[in-house]
Amino acid sequence: MMKIILLFIVGNCFVASAILCQVLLWRLVRLDATSRNIAHPHLASLLATSGQNGSGLFTYLILRRQRAVIVELDDAPNRHHLKIQLTAGFAVMFSLFIGFSFILFLLN
């Protein structure tokens, strides 16, 4: 019973970290779209972060290659901070996945 409760807690933490990573990625894409003067950066970031297979992000990465960063619009410290937060979020999500897998292994 204790393993099932632990599995439930780790699973919920994984879902919460996945949502956090999605929000951080949305903020990072929005900041990048703003610095590249792409029309409607909120819509571009929403389309880039939606979808299950990453096709929106792939399309955004192709679109952004056509535009250079405008230094006056760029917020480099905030972008750097978001990159660090996103990397930490993915590291937490990966460690929770390993923990979740380990608990499932122990249940058998």
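Below, all heavy atoms of this structure are taken into account, side chains as well, without hydrogens, waters or symmetry copies. The shown structure was predicted, so the numbers you read here are calculated from the model rather than taken from an experiment. We number each residue from 1, following the sequence as shown.
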*Can you get from L24 to V92 by hopping between Ile, Leu, Val, Met, Phe, Trp and Tyr side chains that sit under 4.5 Å apart?*
yes
*Do the side-chain N and O atoms of S45 and W26 include a donor-acceptor pair separated by under 3.5 angstrom?*
yes
*asked:* For the backbone of T49 and the side chain of Y60, can you confirm whether one donor and one acceptor N or O come within less than 3.5 Å of each other?
replied: no
*Checking side-chain contact (heavy atoms from CB on, under 4.5 Å) for the pair D75/S35: CA distance, chi angles, key distance, verdict?*
CA-CA 7 Å; D75 188 7; S35 69; over 6 Å; no
_If I compare all heavy atoms of V29 with all of A48, which pair ends up nearest, and what's the gap?_
CG1-CB, 3.8 Å
*Might you point out which heavy atoms bring C21 and L86 nearest each other, and give the distance in Å?*
O-CD1, 3.4 Å
*Is the shortest side-chain N to carboxylate O distance from D32 to R36 below 4.0 Å?*
yes
*M2 and L6: side-chain contact (heavy atoms from CB on, under 4.5 Å), yes or no, with the steps?*
CA-CA 6 Å; M2 183 66 173; L6 188 60; 5.6 Å; no
*In Å, rounded to the nearest 0.5 Å, how long is the span from CD1 of I9 to CZ of F100?*
12.5 Å
_Under 4.5 Å between side-chain heavy atoms, counting indirect links through other Ile/Leu/Val/Met/Phe/Trp/Tyr residues: same cluster for M93 and F102 or not?_
no
*Is there a path from V69 to L73 through hydrophobic residues (I, L, V, M, F, W, Y) whose side chains come within less than 4.5 Å of each other?*
no
*Let me see the working for V10 and I103 under side-chain contact (heavy atoms from CB on, under 4.5 Å), right down to the final yes or no.*
CA-CA 9 Å; V10 171; I103 293 169; 3.9 Å; yes
*Say you draw a straight line from CG of L7 to CG of N12; how long is it, rounded to the nearest 0.5 Å?*
9.5 Å
*Working to the nearest 0.5 Å, report the span between OG1 of T34 and NE2 of H40.*
12.0 Å
*Can you tell me how far the CZ atom of R65 sits from the CG atom of L63, to the nearest 0.5 Å?*
11.5 Å
_Co-membership, hydrophobic cluster, residues L46 and L25, 4.5 Å side-chain_ = no
_To the nearest 0.5 Å, what is the distance between CZ on R79 and CG on L82?_
10.0 Å
*asked:* As an exercise, state the distance from CG of N37 to CD1 of I70, rounded to the nearest 0.5 Å.
replied: 4.0 Å
_Minimum heavy-atom separation for Q22 and S50, please, with both atom names._
NE2-N, 4.3 Å
*Just do the side-chain contact (heavy atoms from CB on, under 4.5 Å) check on F14 and F97 with the steps written out, would you?*
CA-CA 7 Å; F14 180 81; F97 174 74; 4.0 Å; yes
*Would you name the heavy atoms of A44 and I38 that are closest together and state the gap between them?*
CB-CG2, 4.5 Å
*Shared ILVMFWY cluster between L20 and I84, side chains joined below 4.5 angstrom?*
no
